[in-house]
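Quick notes on the structure that follows.
Only a predicted model underlies this, so the values are computations on that prediction, with no experimental measurement involved. The first residue in the sequence is number 1, and the count goes up from there.
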Amino acid sequence: MSPQEELLNDHMLLAALKFDSHEAFVKMFRIYYVDLVMFAGTIIPEKATCEDIVQNVFTRIWSERKELDIRTSLKSYLLKGVQNFCLDELRRRNVRLRYETESRRHILALSPEEYYLYSELRDEINNAIASLSPNERETFFLSRVEHLKYKEIADRLGVSVRTVETRISKALKLIKASIGDFTMLIAVIIYKLFI
């Protein structure tokens, strides 16, 4: 296919997509999916993660189909989207690694009794977070682990800032309710860690 034919085909697919054509979306997926997964594999080694990233890019394309304004070729646009998602994943991993390293350092400073109580508290918090919906969990993670601002989270997830606020509020209320019995423990651990 010549570059002109490819460009024409892209324009036709995008035009059909704006009219909610599921067939155009499926065709676009079939044309570009394998190449995009291979491209993601040049950045992230795990195939399953690459497949998830490409699926997320296509999900975003579908959800934003009415507003799409692609000024490059469709393939370039998709490659850039995959690249951005891959870089987000690498940043997320880096933040998680730093968080885990810092947590380990604090845990090693605890006495056996404090560690036991700490592990109980951690389990309660993890159970509370696990009971959140996937959307609430992801929003909470972006806020509390990646330290993104609400506007940044809203942009990344394609939701309103109000939705982000509601999800974070629900998560915090649930966690607070689940750790009510550990209030004294928290005070002891904080005292121990920061003196």
Side-chain angles (χ1 to χ4, degrees), residues 1-96 129-171 174:
M1 185 183 295
S2 73
Q4 290 83 9
E5 289 173 325
E6 185 178 327
L7 193 58
L8 180 61
N9 192 33
D10 285 352
H11 285 305
M12 290 169 56
L13 283 173
L14 289 169
L17 202 60
K18 289 189 179 195
F19 286 101
D20 303 329
S21 170
H22 188 261
E23 293 79 15
F25 180 75
V26 170
K27 185 174 182 183
M28 183 187 307
F29 187 87
R30 286 185 181 146
I31 291 170
Y32 294 110
Y33 180 79
V34 173
D35 285 346
L36 294 174
V37 171
M38 288 175 57
F39 172 68
T42 65
I43 303 170
I44 294 184
E46 302 86 12
K47 185 178 180 193
T49 303
C50 294
E51 290 171 345
D52 288 345
I53 285 170
V54 172
Q55 288 170 13
N56 287 339
V57 168
F58 278 106
T59 299
R60 182 165 285 184
I61 290 279
W62 179 257
S63 66
E64 297 176 357
R65 64 191 178 279
K66 299 284 190 189
E67 295 81 33
L68 282 177
D69 183 24
I70 299 175
R71 298 179 186 276
T72 61
S73 73
L74 178 57
K75 186 170 187 175
S76 295
Y77 182 84
L78 292 169
L79 287 168
K80 186 67 175 170
V82 169
Q83 181 182 41
N84 289 339
F85 271 88
C86 287
L87 294 176
D88 285 346
E89 175 63 20
L90 293 176
R91 277 191 288 273
R92 189 171 17 258
R93 289 178 182 190
N94 193 23
V95 167
R96 188 178 296 130
I129 292 171
S131 70
L132 296 169
S133 73
N135 288 336
E136 290 163 349
R137 237 185 344 265
E138 182 179 18
T139 303
F140 184 77
F141 177 83
L142 292 173
S143 171
R144 293 314 194 257
V145 178
E146 289 200 23
H147 305 293
L148 297 183
K149 296 177 182 166
Y150 285 7
K151 176 74 170 89
E152 293 171 322
I153 297 169
D155 291 344
R156 184 180 293 187
L157 299 180
V159 297
S160 69
V161 172
R162 182 71 186 127
T163 299
V164 172
E165 291 169 352
T166 302
R167 290 177 183 175
I168 297 291
S169 175
K170 182 175 179 182
L174 191 61

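- A 6.0 Å sphere centred on NZ of Lys18 holds more than 12 heavy atoms belonging to other residues, nucleotides or ligands.
- Asn56 pairs by the side chain to side chain donor-acceptor pair (under 3.5 Å) definition with nothing, not counting sequence neighbours.
- Between the side chain of Ser143 and the backbone N or O of Thr139, no donor-acceptor pair lies under 3.5 Å.
- Side-chain contact between Arg60 and Phe85: present, with at least one pair of heavy atoms (C-beta onward) separated by less than 4.5 Å.
- Considering all non-hydrogen atoms of both residues, Cys50 and Val37 come closest at CB-O, 4.0 Å.
- To the nearest 0.5 Å, the span separating CG on Asp88 from CG on Leu142 amounts to 9.0 Å.
- Lys66 and Phe19 get closest at one heavy-atom pair: NZ-CA, 4.5 Å.
- The nearest pair of heavy atoms linking Ile43 to Cys86 is CG2-CB, 3.7 Å.
- No salt bridge links Arg156 with Glu152; every basic N to acidic carboxylate O contact stays at or beyond 4.0 Å.
- The pair Glu89-Arg93 counts as a salt bridge, with a side-chain nitrogen and a carboxylate oxygen less than 4.0 angstrom apart.
- Phe29 pairs by the ring-ring contact (aromatic ring centres under 6.0 Å, His included) definition with Tyr33, Phe58, not counting sequence neighbours.
- Comment: Asp155 engages Lys151 in a salt bridge, judged by a side-chain N to carboxylate O separation of less than 4.0 angstrom.
- You'll find the side chain of Ile153 stays beyond 4.5 Å of the side chain of Glu138, heavy atoms only.
- Side-chain contact between Glu136 and Leu174: absent, with no pair of heavy atoms (C-beta onward) separated by less than 4.5 Å.
- For the atom pair CG of Leu13 and CD1 of Ile61, the computed distance is 11.0 Å after rounding to the nearest 0.5 Å.
- Between Arg137 and Leu132, the closest heavy-atom pair is NH1-O, 2.7 Å.
- The two residues Ala24 and Leu17 have their closest heavy-atom pair at CB-N, 4.2 Å.
- Here Leu74 contributes atom CG and Leu14 contributes atom CG; the two are 5.0 Å apart, rounded to the nearest 0.5 Å.
- Remark: Thr59 engages no residue in a side-chain contact (heavy atoms from CB on, under 4.5 Å) (not counting sequence neighbours).
- One distance of note links CG of Leu79 with CG of Asp35; it measures 8.0 Å at 0.5 Å rounding.
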**Report entry** Test side chain to side chain contact (heavy atoms under 4.5 Å, CB included) applied to Arg167 and Val159, step by step
**Finding:** CA-CA 11 Å; Arg167 290 177 183 175; Val159 297; 4.0 Å; yes
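- For the residue pair Trp62 and Ser21, the shortest heavy atom distance occurs at CZ3-O, 3.9 Å.
- Considering only heavy atoms from C-beta on, Asn94 stays 4.5 Å or farther from Leu90 through its side chain.
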Requested in this report: Check step by step if salt bridge (Lys or Arg N to Asp or Glu O under 4.0 Å) holds for Lys27 and Glu23.
Outcome: CA-CA 6 Å; Lys27 185 174 182 183; Glu23 293 79 15; over 6 Å; no
